[in-house]
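Worksheet for the structure shown next.
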Number of protein chains: 2
Amino acid sequence: MTCVNLIGMTANLAIDLDRSSPVPLYFQVAEQIAEAIRRGDLAPGARLDNEILLADKLGLSRPTIRQAIQYLVDKGLLVRKRGVGTQVVHGQVKRSVELTSLYDDLRRAGQEPATRVIALEPRSVDEEIAAILGLEPGTEALYLERLRYAAGEPLALLHNWLPLGLARLGATDLETRGLYELLRGAGVRMRVANQRIGARAAGQSEARLLGERRGAPLLTMIRTTYDDQGRAVEHGSHVYRASHYSLEVTLIER
Amino acid sequence: MTCVNLIGMTANLAIDLDRSSPVPLYFQVAEQIAEAIRRGDLAPGARLDNEILLADKLGLSRPTIRQAIQYLVDKGLLVRKRGVGTQVVHGQVKRSVELTSLYDDLRRAGQEPATRVIALEPRSVDEEIAAILGLEPGTEALYLERLRYAAGEPLALLHNWLPLGLARLGATDLETRGLYELLRGAGVRMRVANQRIGARAAGQSEARLLGERRGAPLLTMIRTTYDDQGRAVEHGSHVYRASHYSLEVTLIER
DNA sequence: CCGTCGCATTTGTCTGGACATTATGACCTG
DNA sequence: CAGGTCATAATGTCCAGACAAATGCGACGG
């Protein structure tokens, strides 16, 4: 277990390394730098020591340090410039959107999410859904329809299709946890999601369920999520009350 | 200039390497694999040769090959699994959203975009815009308002604020090119963008400009873009006709 | 006084190797 | 035949070093 002070002049940043831990060294470094940025020990604009010096101080090789820094650059926390150095980004950039469900997002924001399961049953898929999920038309998939509340108010109407046998989903589970959390718990490893975001006016039945007037603007999201091997694991078609919700996305150019 | 056949059994993928080119080797490899995937020479699910063999065939080191593959994994084209190998993702995943403007997107989609510049002038910024752009309240910034058409139809109403002195923007330029293209051409290097996407009903003046009825659903996007060093270079507040446009986003979990 | 050239600094790219960790399937055992 | 065990294969992590390229700044010269 090493412990070294980084970044000479500007701040005193201590980094612990535990070589016996299964956590990769580059990740230990990255996490602790990120933590220092979050705490404010590394102010926006602060320059890190150069990679070689850093590697030296920590007793690591330069590629390992580079991997740690690269990880943070990809997350948008650091910026590198050849011939200049590595700096903490100025604007406070929010964490890049991850593969999370609305439920997780709400709970992280301190809201009190609740869910009403409207439908949860195998249904035969039409041609479009079959093509999306990579199934034969006419076979069955799990159909799921939920109404999501936040702070006691209806917020979103969620429709999902999932391949059968992916996870044992009970209505009770779905009322106390998010779909993504349940899938992850069942060993499903989601990797890529493709979303299409749009808007439209509320129809009559939607309006009633969501407590809006007919014609009220709704935010729509259609999302397909793929796992490890590129197999579709979930297809969702959701509508949100635009008056109560918006989506946040962070883009990072390599 | 080397030229080697890759991927033993499944397909015949030739990769040219030009060591005298200034283009990094890992990038040459990545581009050509990506091209093969786009062409279909590498079908979804196809397994690549393992990294060591690949490195051997191309006369490169393993880290270089890994860098090429990592680049494609980050873009969502490939999937790696330890102990198994590297595969082309199954679902045809669209290209991850880059830092492009609506104009570029439209032109790439084969549409014929047109722009009408409504306002282009320095204006003193209020407190909110000042905080976003990192300026003092009351100082001036460039205010820009445009109406964007596609296929002859009005599509979006775009409002932008930019720090002064960033680039010389003429109304003529803005009518023939996208804002992002102009900024890039002026040497501005955009790196991170933060977007908030929502929806609301059209107001009267918006509706008139966009050719919609009052109350029609509009897709809204508020975006702040930061450069290299984390300085804000652009803040936009845009509304799109939901009936004619939707946004696409691809998320990739590392 | 100003511009240009060159140098030092720093990240970018690349090499060649070593060992660890994790899936997968074949094999052996109960 | 079922189950666990072990070998194998592939990616993940890490090391030590070399040269290239870009940037910024200072020194030199016009």
Side-chain angles (χ1 to χ4, degrees), chain A residues 2 6-9 17-31 33 46-74 78-88 187 189 191 227-229 253-254, chain B residues 2 6-10 15 17-31 33 46-74 78-89 187 189 191 227-229 254:
Chain A
T2 1
L6 287 194
I7 298 103
M9 38 228 68
L17 289 181
D18 181 359
R19 295 191 96 99
S20 68
S21 157
V23 178
L25 292 173
Y26 83 90
F27 195 75
Q28 293 184 36
V29 174
E31 282 284 280
I33 292 177
R47 261 219 341 277
L48 261 65
D49 279 341
N50 74 62
E51 298 173 349
I52 299 176
L53 188 58
L54 229 49
D56 224 43
K57 282 190 186 174
L58 288 169
L60 296 173
S61 70
R62 192 179 157 215
T64 304
I65 292 293
R66 269 185 75 75
Q67 196 174 1
I69 292 177
Q70 185 61 48
Y71 178 80
L72 296 175
V73 170
D74 286 345
L78 295 179
V79 166
R80 291 204 271 210
K81 266 171 82 179
R82 186 190 287 195
V84 180
T86 305
Q87 286 179 294
V88 179
R189 286 182 298 186
R191 287 294 278 270
D227 75 352
D228 251 335
Q229 303 175 34
E253 185 104 354
R254 286 186 59 101
Chain B
T2 2
L6 286 192
I7 298 107
M9 38 228 68
T10 49
I15 288 198
L17 288 181
D18 181 0
R19 295 192 97 100
S20 68
S21 156
V23 178
L25 292 172
Y26 82 89
F27 195 76
Q28 293 184 34
V29 174
E31 281 285 280
I33 292 177
R47 262 219 341 277
L48 260 65
D49 279 341
N50 73 62
E51 297 172 350
I52 298 176
L53 188 58
L54 228 49
D56 223 43
K57 282 189 186 174
L58 288 169
L60 297 172
S61 69
R62 190 177 160 218
T64 304
I65 294 292
R66 269 186 76 76
Q67 197 174 0
I69 292 177
Q70 185 61 47
Y71 178 80
L72 296 176
V73 169
D74 286 345
L78 295 179
V79 167
R80 289 205 271 213
K81 268 172 80 179
R82 186 189 284 195
V84 180
T86 306
Q87 285 179 294
V88 179
V89 293
R189 286 183 298 188
R191 288 294 277 270
D227 75 352
D228 252 335
Q229 304 176 34
R254 283 185 63 96

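Letters A, B, ... are given to chains in the order of the sequence lines, protein chains preceding strands, and every chain is numbered from 1. We use all heavy atoms of the structure for the numbers below, so side chains are in, but hydrogens, waters and symmetry mates are not.
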Atom CD of Gln28(B) and atom C1' of dT13(C) are separated, to the nearest Å, by 12 Å
Can you confirm whether Arg19(A) sits close enough to Leu60(A) that some side-chain heavy atom of one is under 4.5 Å from a side-chain heavy atom of the other?
yes
Across all chains, not counting sequence neighbours, the side-chain hydrogen bond (donor to acceptor under 3.5 Å, both in side chains) partners of Ser61(B) are Thr64(B)
Sorted by chain and residue number, the side chain to side chain contact (heavy atoms under 4.5 Å, CB included) partners of Gln67(A) (sequence neighbours excluded) come out as Tyr26(A)
Taken to the nearest whole Å, CD1/Ile52(B) to P/dT8(D) is 16 Å
With the side chain defined as heavy atoms from C-beta on, Val84(A) is closest, among dT11(D), dT11(C), dG24(D), to dG24(D)
Rounded to whole Å, CZ of Arg47(B) lies from P of dA23(C) at a distance of 15 Å
Under 4.0 angstrom between Thr86(B) side-chain N/O and dT11(D) OP1 or OP2: yes
Residues passing the side-chain hydrogen bond (donor to acceptor under 3.5 Å, both in side chains) test with Arg66(B), sequence neighbours excluded, are Glu51(B)
Could you go through the side-chain contact (heavy atoms from CB on, under 4.5 Å) check for Ile69(B) and Leu78(B) one step at a time? CA-CA 7 Å; Ile69(B) 292 177; Leu78(B) 295 179; 4.2 Å; yes
Arg189(B) atom CZ is separated from dA22(D) atom P, nearest whole Å, by 11 Å
Quick tally for nucleotides 12-19 of chain D: nucleotides whose base has a protein heavy atom under 4.0 Å get B, sugar-phosphate-only ones S, the rest -, giving BBSBB-B-
Leu78(B) CG to dA10(D) C1', in whole Å, measures 15 Å
Residue set satisfying side chain to side chain contact (heavy atoms under 4.5 Å, CB included) with Ala55(A), at least two apart, ordered chain then number -> Ile65(A)
Between CG of Leu54(A) and P of dT10(C) the distance, given in whole Å, is 12 Å
Separation of dT10(C) atom C1' from Ile69(A) atom CD1, nearest Å, is 11 Å
